[in-house]
Amino acid sequence: MPEKIVYVYYDTVGNNVLSKGIVNVIENISLKRIPHNLLLLNNRKHELSTYDNYTGLHIVKEQDTVIRYLKSISNEANKPSWIDFSNIEMLHQLTPVEISEILYIAHAHNYLHSPFYYKLQNNYIYLTLPNNFTKVYYRHLEEFLDQFTDSITLRMKEKVNEKRRFYQKERTIAPFIVPEKNDLIRLFKEGICISFRQMTVIGDTYSAPLFIVEDQLSMLDGQFDERTAIGDLIYDANNETWKLNYKIK
């Protein structure tokens, strides 16, 4: 069942995004930089993975296999955590200390020195957390911005078609396009939640309120006081237009 909220918190120091309710993050390959290989940090065996004696972990080799693997786990509730790497030869140049650091990231969901390794040339570290949260380290943040807009579009499409009768044709919606990426990043730094569970619908206009949550994750489980909303995300299904209104003190 899809989440009824979209939560995003961008940690500028660690260059990671903590999120909940984001769809199409990895599994539908909405990435410009598709990983060449994956090191599976949960060390869960898969029919497309092989055991790597040097690291003691399972790996998924070659980009075509990586794509098949990511698609195959798209419906799993507890998805594996992983880090991408450029080639096997450089993977096998990791020192025991570096391997230990990578295992620490998988366990503690934080890094000791840096989340990006010269030897691996990794663009991501994908971590699954309890309660359907994900934490992803991005070398290039624009990768997440694309996934965020795809996610918002799909969430709104679900709401627009929520009361559609079985004999009615599904309504398509215009894709959500970020007006100003720097402004959106500023919002993410605050830790925002778009609450689709508190959406209002007037005619063909759908409005979901925005709230500042920061890292107070327990707030996501209940209803927000709408008086604390900092803005709203509006979709006009008749004109197929979007508006993102907000005000940060």
Main chain of Gly222, side chain of Arg197: is a donor-acceptor contact present, judged purely on distance under 3.5 Å? yes
For the hydrophobic clusters of this structure (ILVMFWY residues joined by side-chain heavy atoms under 4.5 Å, transitively), does one cluster hold both Tyr54 and Tyr51? no
Hey, does Leu120 have a side-chain heavy atom less than 4.5 Å from the side chain of Ile102? yes
Strictly distance-based, threshold 3.5 Å: is any side-chain N or O of Asp232 a donor or acceptor partner for the main-chain N or O of Ala208? no
Got a sec, which residues hit side-chain hydrogen bond (donor to acceptor under 3.5 Å, both in side chains) with Lys159, two or more places apart in sequence or on another chain? Glu162
Say whether, by atom type as modelled, one donor and one acceptor occur between the side chain of Gln147 and the main chain of Ile22 under 3.5 angstrom. no
Looking only at heavy atoms, which two atoms of Ala106 and Leu41 are closest? And how far apart? CB-CB, 3.6 Å
Using the rule that two of Ile, Leu, Val, Met, Phe, Trp, Tyr join whenever any of their side-chain heavy atoms come within less than 4.5 Å, decide whether Met90 and Phe116 are in one cluster. no
State yes or no: do Val201 and Ile194 share one hydrophobic cluster built from I, L, V, M, F, W and Y residues joined by side-chain heavy-atom distances below 4.5 Å, directly or via other members? yes
Got Asn15 and Pro115 here, is their nearest side-chain heavy-atom distance under 4.5 Å? no
Using modelled atom types and a 3.5 Å cut-off, is there a donor and acceptor pairing between side-chain atoms of Asp183 and backbone atoms of Val178? no
Strictly distance-based, threshold 3.5 Å: is any side-chain N or O of Arg33 a donor or acceptor partner for the main-chain N or O of His140? no
Donor-acceptor under 3.5 Å (Ser100 side chain, Pro96 main chain): yes
Answer with yes or no whether the hydrophobic clustering places Ile234 together with Phe176; edges join I, L, V, M, F, W, Y residues whose side-chain heavy atoms lie under 4.5 Å apart. no
Supply the atom-to-atom distance Tyr137 OH to Ser114 OG, rounded to the nearest 0.5 angstrom. 10.0 Å
Decide yes or no for Asn122 and Arg139: does some side-chain heavy atom of the first lie under 4.5 Å from some side-chain heavy atom of the second? yes
Please report the interatomic distance NE2(His58) to CG(Asp52), rounded to the nearest 0.5 Å. 10.0 Å
Could you check whether the rings of Tyr124 and Trp82 sit parallel, tilted or perpendicular, using 30° and 60° as the cut-offs? perpendicular
Among residues at least two apart in sequence or on other chains, which ones pass salt bridge (charged side-chain N to carboxylate O under 4.0 Å, His left out) with Glu226? none
Between Ile88 and Ile59, does the side chain to side chain contact (heavy atoms under 4.5 Å, CB included) criterion hold? Intermediate values first, please. CA-CA 10 Å; Ile88 297 292; Ile59 60 175; 3.5 Å; yes
How close do Arg155 and Gly21 get, counting heavy atoms only, and between which atoms? NH2-O, 2.6 Å
How many angstroms lie between atom OH of Tyr7 and atom OG of Ser195, to the nearest 0.5 angstrom? 14.5 Å
Glu240 atom CD, neighbour heavy-atom count above 12 within 6.0 Å: yes
Measure from the side-chain N and O atoms of Asn16 to the backbone N and O of Val136, and report whether any donor-acceptor pair falls under 3.5 Å. no
Using 30° and 60° as the class limits, which term best fits the ring planes of Phe224 and Phe211: parallel, tilted or perpendicular? parallel
Would you say Asn161's side chain and Arg171's backbone share a donor-acceptor pair under 3.5 angstrom? yes
Taking every heavy atom of Gln121 against every heavy atom of Tyr118, the minimum-distance pair comes out as NE2-O, 2.8 Å
For a 4.5 angstrom cut-off between non-hydrogen side-chain atoms, does Leu40 reach Leu57? no
Note: Asp84 and Pro35 closest approach over all heavy atoms is CB-CB, 3.6 Å
Taking the side chain as everything from C-beta on, heavy atoms only, tell me whether Met156 gets closer than 4.5 Å to Met199. yes
Determine the sole option in Glu98, Glu89, Gln93, His92 for which the side chain to side chain donor-acceptor pair (under 3.5 Å) test with Lys119 is passed. Glu98
Could you go through the salt bridge (Lys or Arg N to Asp or Glu O under 4.0 Å) check for Glu142 and Lys181 one step at a time? CA-CA 9 Å; Glu142 66 267 20; Lys181 289 188 176 182; over 6 Å; no
Is there side-chain contact between Ile152 and Trp242, with at least one heavy-atom pair below 4.5 Å? yes
Tell me, do Asp64 and Glu62 make a side-chain contact under 4.5 Å, heavy atoms counted? no
Transitively linked via ILVMFWY side-chain contacts under 4.5 Å: Ile83 with Leu129? yes
Does Asp221 have more than 12 heavy atoms from other residues, nucleotides or ligands lying within 6.0 Å of its CG? yes
Could you give me the CA-CA distance, side-chain angles and deciding distance for Ile177 and Thr149, then say whether side chain to side chain contact (heavy atoms under 4.5 Å, CB included) is met? CA-CA 6 Å; Ile177 299 174; Thr149 56; over 6 Å; no
Spacing of Ile173 atom CD1 and Asp236 atom CG [to the nearest 0.5 Å]: 12.0 Å
For a quick check under 3.5 Å, do Tyr246 and Glu190 share a side-chain donor-acceptor pair by atom type? no
Evaluate side chain to side chain contact (heavy atoms under 4.5 Å, CB included) for Leu210 paired with Leu187, printing each intermediate quantity in order. CA-CA 10 Å; Leu210 276 69; Leu187 269 179; 4.2 Å; yes
Aromatic Phe133 / basic Lys20 pairing, under 6.0 angstrom, 45° off normal: yes
Is there a side chain to side chain contact (heavy atoms under 4.5 Å, CB included) between Thr153 and Lys157 once you walk through the steps? CA-CA 6 Å; Thr153 302; Lys157 183 180 179 181; 5.6 Å; no
Please identify each residue that fulfils side-chain hydrogen bond (donor to acceptor under 3.5 Å, both in side chains) with His46, with sequence neighbours left out. Ser72
Exactly one of Tyr9, Tyr10, Phe144 should register a ring-ring contact (aromatic ring centres under 6.0 Å, His included) with Phe188. Which one does? Phe144
Testing the basics here: between Tyr126 and Pro80, what is the closest heavy-atom pair and its distance to 0.1 Å? CD2-O, 3.7 Å
Report the distance from atom CG of Leu48 to atom OG1 of Thr65, rounding to the nearest 0.5 Å. 6.5 Å
Report yes or no: does Tyr235 contribute a side-chain atom to a donor-acceptor pair with the main-chain N or O of Ala174 at less than 3.5 Å? yes
Check: Thr128 main-chain N/O paired with Ser81 side-chain donor or acceptor under 3.5 Å: yes
Rounded to the nearest 0.5 Å, what separation is found between the CD atom of Gln198 and the CD1 atom of Ile5? 11.0 Å
Side chain to side chain donor-acceptor pair (under 3.5 Å) between Asp225 and Thr228, worked out: CA-CA 6 Å; Asp225 182 346; Thr228 64; 5.3 Å; no
